[in-house]
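Have a look at the structure below, then the notes.
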Amino acid sequence: MLTIQTPEAVMFWVLAPVAVLAALGMLLVKKAVHSALLLAWVMITLAIFYIAQDALFLGIVQIVVYTGAVMMLFLFILMLVGVDASDSLTETIPGLRPIAITAAVGFGGLLVSLIGRATLGHGAVGLDSANGAGNVQALAKLLFSTYVWPFEVVSALLITAALGAMVLAHHQRTVARPTQREQAIARFRGDSLGSAAGLPNPGVFARHNAVDVPALLPDGSAAPNSISATLKARGDMLDSAQFELGEVDNTVTEEK
Amino acid sequence: MNPYNYLYVAGLLFTIGAIGVVIRRNAIVVFMCVELMLNAANLTLVTFARINGTLDGQVVAFFTMVVAACEVVVGLAIIVTIYRSRRSASVDDASLLKR
Amino acid sequence: MVTSTSLVYLIALPLFGAAILLLAGRRSDKWGHLLATALSAGSFGVGLYQLSQMLSRPTAERAITQKLFSWIAVGTFKVDAGLLLDQLSICFVLLITGVGTLIHIYSISYMSHDENRRRFFAYLNLFIAAMLLLVLGNSYLNLYVGWEGVGLASYLLIGFWNQKPAYATASKKAFVMNRVGDMGLSFAIMISFATLGTVSFAGVQAASHTASKAALTAIGIMLLVAATGKSAQFPLQAWLGDAMAGPTPVSALIHAATMVTAGVYLIVRSNFIFDAAPTAQLLVVIVGAITLMFGALVGTAKDDIKKALAASTMSQIGYMILGAGLGPAGYAFAIMHLLTHGFFKAGMFLGAGSVMHGMNDQVDMRRYGALRKFMPITFATFGLGYLAIIGVPPFAGFYSKDAIIETAFNAGGVKGILLGSTALLGAAITAFYMTRVMVLTFTSKERWEDDQHPHESPLLMWIPMAILAIGSVTTGFLFTRGHALVHWLTPVVGERAEGGKVLLQPAVVSGLALVAVIIGVAIAVSKYQLGKVDSVAPQNVSVFTRIARKDLMQDSFNEAVFMKPGQALTALLVKGDDKVIDGAVRGIAATALGTGSTLRRTQTGFARSYAAFILIGAIVLIAAIWVVTQ
């Protein structure tokens, strides 16, 4: 018969609300990177829950595979895709949000109510006897005996997924990459000669030459082309006006 | 305390994941919410393994993880492909079925 | 029955020619007509060889067969594609290939200015092949193939100049009216299969002794319908006049000598059915009698030389049908009149073509006159045909037509007197309208237009006319010498009962017929030779003339009785189809469309709204579990 020790109860009551809050935060934060970090925290919490529940192997796998590999993959793709309007939290489909929240609350309520009502017909058993020779050994015995066939199938699935990802990510070039010569011709044949000499560098003619500060045109206005589009979309562009000198010292001091 | 409490936590996490899938527009966040739902399911499996005193639940949870890893690989590849052609990671922009 | 392997060449030669000419296309323009004529002549040669072989065998073994291949084999029902050449078929084979070859020769010259002459010869060869298949088939089904084949060839040739809408319409009219008759033939075949279980001539003949009278009568009537369609007999006669739209050699070959006589062949070939079904036989005589008067009356009013000859053809075939309907006594005479008619009518049509050739394709006889001086050969050949058709001794028509009139008189009772009188009256009218044609064309005063310069036709055209004219003089005498043709055909059509009660002696009938002919000729001569003939048909004429000019209202009748109700029915059906059937279909479609456009609103294309639906579905599922486990 399973008895739950006090340390586990303490751990649960501390970590469980934090995990739920982190999950809620995932929905509410604006930046996807923050969502990913909160999710990583929920996963680590779950790993701790697994270990606490005598699933040592799964707990380690949760940390290594999920938190380590999968979440890093998510972050990696986030960096690749960059930032755009999809991060906005305003709802564009009318009526969807109230429906979704009402439905989800009803769903959660019913689920919790069902769990509360359910009975197994026996008390909690605990894994002390099943884990007798150690959790990893017992799992291995099951995996390579009863579940050997699903295990093999899953390995095939992994290979297929790897191949699928390669196929999807493979980009077939249909036209030759333009040479420098062709690019130069295109610049000069373009609508305007404004960019014929190349785009202006950021920070030129300014007191600040960081990449997030637009260059100034001769009339003193900011040159939009001088900043990377990603920085602009993310709102990370600084206003070059803040670096203007309040007063220019025009006096020429002659050195003696 | 009672091991069923883990189940309540799993139910809540699953519901939160479901809301996230519906209301978030960034395809990557939607995908992360799906992962959250999968993790919630895993938690119930592990908990039931403990309550029943057999390791089969843990084995199934293990398989779920492998399948989830495959799903992430392919899913992210699809997101990258869509982003490449549409310059957007919003699930609403990929609404070509409408017309 | 003796089997042979050479019968198929009769059909294969012209069929081969048609295939070559049609497939080779314009490449064969230079030599196509020569090849077609040579193959037709070759087929005639094979026919002569078969005749010589047949004559060398004893009477009982004269019929020969050839099995080509097993066509249909379903259970106990077997039809072979087989040929049968007997005493009846050989007459037709020689007529078709012989007259056909002459007309091929004639057409070489007649069609020499037509750029599609090669196609014309291809169709002619196709016609010869189909007609030979018709008379050589050993079952009704094989006959049916040839029957449809000649229908096709006739359609193609009537509409040969289909750039003129009227000609194209004429070919369609012929085709559609023939379909009615063809339907009769197919019904006859079906009834025969259903009741007798066989469709071969030999099988049906054997079964006709035991079959029920009702079935045989039904088959007979259906065969008669088929014959009326193909042979332009009442009530399906309206197409023949319009069929004159085709080139004149076609009118001579198909619409005078051969194809239109296929109905007579069918009835004579089916003699065993008609002998066993008196009701059907009576209908045959009635149809024949009506048509011979009908055609003769129409012939008196026509100013178009080809249409006058077409009406005459209709009338003469009426004589043949009448003869064929008189039973064993008349079959041989019907065939004899068919053969002699094949000669003199083909000759006259070729003569008409020659006249048109010399008169810038003018067909109105009121624009002819005095052509005797300019076309002496045409006048001579046409005149011999004319003497033959009106039945002047010793020309062919005298023997064959008088035999039919005599047989009609001797049919017995009131029927015999009625039929005989009709035939006699028909002979008088025939003499009248043929004399009218003759006088208007050749002997009366000139009524030409200024730009016409009548001249004699070239050698290639008048030689066939001359040969046919010789045939119209001699054939009657040859066929009746010692009852040659009657005895020849006896194995096929049965023994004619001798020694019955004879109403009128042959000499009396001949005398009466001659008197009738003289009266007819005299009236025509006094009216057209001695009287004045307008070059435009006068309009202030009696109502009878007007009706006769309109083909005795046959088209108006068809239009009022069949076409108008048919169109009304079609319009009704179209409306019903549109409102009821299409309405239902469209209603279903509109309902589906409305439902779809309503449901479409849920299909926003946004994956997230679909996810919301999935969520709602999950709630329903959970709620159900919640309720069930309550």
Side-chain angles (χ1 to χ4, degrees), chain A residues 20 23-32 34-36 38-39 42 70 74 77-78 80-124 161 164-165 168, chain C residues 19 22-29 119 571-630:
Chain A
V20 172
L24 275 177
M26 240 183 92
L27 302 187
L28 300 177
V29 296
K30 190 179 172 196
K31 294 197 173 179
H34 297 164
S35 287
L38 287 169
L39 180 61
V42 174
V70 171
F74 266 112
I77 298 297
L78 269 176
L80 199 67
V81 167
V83 182
D84 61 19
S86 65
D87 275 346
S88 157
L89 281 179
T90 51
E91 182 53 65
T92 49
I93 305 177
L96 183 65
R97 185 166 288 178
I99 290 173
I101 290 172
T102 315
V105 169
F107 181 75
L110 282 168
L111 205 58
V112 169
S113 141
L114 263 182
I115 295 171
R117 255 189 13 215
T119 47
L120 274 175
H122 61 78
L168 280 171
Chain C
L22 287 176
L23 292 177
R26 297 227 161 268
R27 278 182 289 278
S28 56
D29 272 355
R119 194 158 57 85
L572 190 69
L573 287 177
V574 165
K575 198 174 255 182
D577 183 61
D578 193 48
K579 290 280 182 308
V580 180
I581 297 173
D582 284 4
V585 172
R586 278 197 287 262
I588 291 169
T591 311
L593 209 62
T595 316
S597 59
T598 309
L599 285 179
R600 195 173 70 100
R601 305 232 173 96
T602 64
Q603 301 293 313
T604 55
F606 293 116
R608 295 191 295 131
S609 62
Y610 301 152
F613 279 117
I614 296 177
L615 190 60
I616 292 169
I619 294 171
V620 173
L621 201 64
I622 299 255
I625 295 173
W626 197 86
V627 171
V628 168
T629 57
Q630 188 75 38

Query raised in the report: Relative to chain C, which segment of A:A103 carries a heavy atom at a distance below 4.5 Å: side chain, backbone, both, or neither?
Result: both
Query raised in the report: Once you round to the nearest 0.5 Å, how far does CH2 of C:W626 lie from CG of A:L110?
Result: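 So the gap between those two atoms works out to 7.5 Å.
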Query raised in the report: More than 12 foreign heavy atoms under 6.0 Å from CZ of C:R586: is that the case here?
Result: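 It does: C:R586 CZ has more than 12 such atoms within range.
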Report summary line: Here the pair of heavy atoms bringing C:A612 nearest to A:L96 is CB-CD1, 3.7 Å
Query - A:R117 versus C:I625, closest heavy-atom pair with distance - result: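 Reported closest heavy-atom pair: NH2-O, 4.4 Å.
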Query raised in the report: Among C:L621, C:I619, C:I616, which one satisfies side-chain contact (heavy atoms from CB on, under 4.5 Å) with A:F107?
Result: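 Of all the options given, the one that passes is C:I619.
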Query raised in the report: Do A:I99 and C:L615 touch side chain to side chain, with heavy atoms closer than 4.5 Å?
Result: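 No - every pair of side-chain heavy atoms lies 4.5 Å or more apart.
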